[in-house]
Amino acid sequence: MTDRTDQRARMLAGRCLCSTVHYVVADEFRYAANCHCTDCRRTTGSAFKPFAGIEREKFSVTKGADHLHTYGEEKAHDARCGKCGSFLYSVVRDGAYVHVALGPLANEPTIRPSEHIFVGSKAPWFTITDDLPQYRAHVADGPPMNR
């Protein structure tokens, strides 16, 4: 007889600053990156957005959905808490994926960002000091700039 281990994914919790909006996401992210595009910088108010991508059905708002403020359309939008303004996630890839901002996670995910994307439009005042590959735009658009 074999020992059956629990096949359910480890779930990670996240929430906004004021604790109005809570969510859970499976620790089964497909990719993670630091995005330096102008939109991500404006959305986060930071030099870049560290995020991890996962299929939309593996992400769920568990509290405060009625307080979410979204910018964009159903299949492509950014979501933040309507009370405190915390940036939480983006719906992308025609609604199939969620890019979860790594900052609001309460638990440590097993994935780490593996590259910097849209470095061609990064903030000029910010210097990337790690050794991760840097791409001018999307990874699929060509080889890293720093290799």
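The structure presented is a predicted model; accordingly, all values stated were derived computationally and were not measured.
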Any side-chain heavy-atom pair of T20 and C84 under 4.5 Å:
no

Using the rule that Ile, Leu, Val, Met, Phe, Trp and Tyr join whenever any side-chain heavy atoms are under 4.5 Å apart, tell me whether F51 and I54 fall into a single cluster.
no

Approximate separation, where rounding is to 0.5 Å, of F29 CZ and E55 CD
10.5 Å

What are the two closest heavy atoms between R41 and H36, and how far apart are they?
NE-O, 3.3 Å

Report, as yes or no, whether the 6.0 Å neighbourhood of atom CZ on R10 holds more than 12 heavy atoms from other residues, nucleotides or ligands.
yes

4.5 Å side-chain heavy-atom contact, Y23 and V100
yes

Test of understanding: clusters of I, L, V, M, F, W, Y form through side-chain heavy atoms closer than 4.5 Å, transitively. Do F59 and Y97 belong to the same one?
no

Within a 6.0 Å radius of atom NZ on K58, are there more than 12 heavy atoms belonging to other residues, nucleotides or ligands?
yes

Sequence neighbours excluded, the answer for side-chain contact (heavy atoms from CB on, under 4.5 Å) partners of A96 is none

Side chains of C18 and C81: closer than 4.5 Å at any heavy-atom pair?
yes

Output, in order, the C-alpha distance, side-chain angles, deciding distance and verdict of side chain to side chain donor-acceptor pair (under 3.5 Å) for H99 and Y31.
CA-CA 9 Å; H99 283 176; Y31 51 89; 2.8 Å; yes

Please check if the number of heavy atoms outside E73 that lie under 6.0 Å from its CD is greater than 12.
no

Do I117 and E115 have side-chain heavy atoms sitting under 4.5 Å apart?
yes

Please check this pair: side chain of R30 against backbone of G53, looking for a donor-acceptor N/O pair closer than 3.5 Å.
no

Holding to side-chain contact (heavy atoms from CB on, under 4.5 Å), I want the full list of residues that pass it with T44, two or more places apart in sequence or in another chain.
S46, K49, F87

Within a reach of under 6.0 Å around CZ of R136, are more than 12 heavy atoms found that belong to other residues, nucleotides or ligands?
no

Side-chain donor or acceptor of K63 paired with backbone N/O of S19 under 3.5 Å
yes

Same cluster (ILVMFWY, side-chain, under 4.5 Å), V91 and L12:
yes

Heavy-atom pair with the smallest gap, counting every atom of N107 and A13
OD1-N, 2.6 Å

Check the hydrophobic clustering (I, L, V, M, F, W, Y; side-chain heavy atoms under 4.5 Å; chains of links allowed) and say if V25 and V92 are grouped together.
no

Do you know the tightest heavy-atom contact between D27 and P109?
OD1-CA, 3.7 Å

Say whether L88 and L17 are linked into one hydrophobic cluster, either directly or through other cluster members, by side-chain heavy-atom distances under 4.5 angstrom.
no

Can you tell me how the ring of F126 sits relative to the ring of F48, calling it parallel under 30°, perpendicular over 60° and tilted otherwise?
tilted

Of all heavy-atom pairs linking R56 and G95, the shortest is CD-O, 3.0 Å

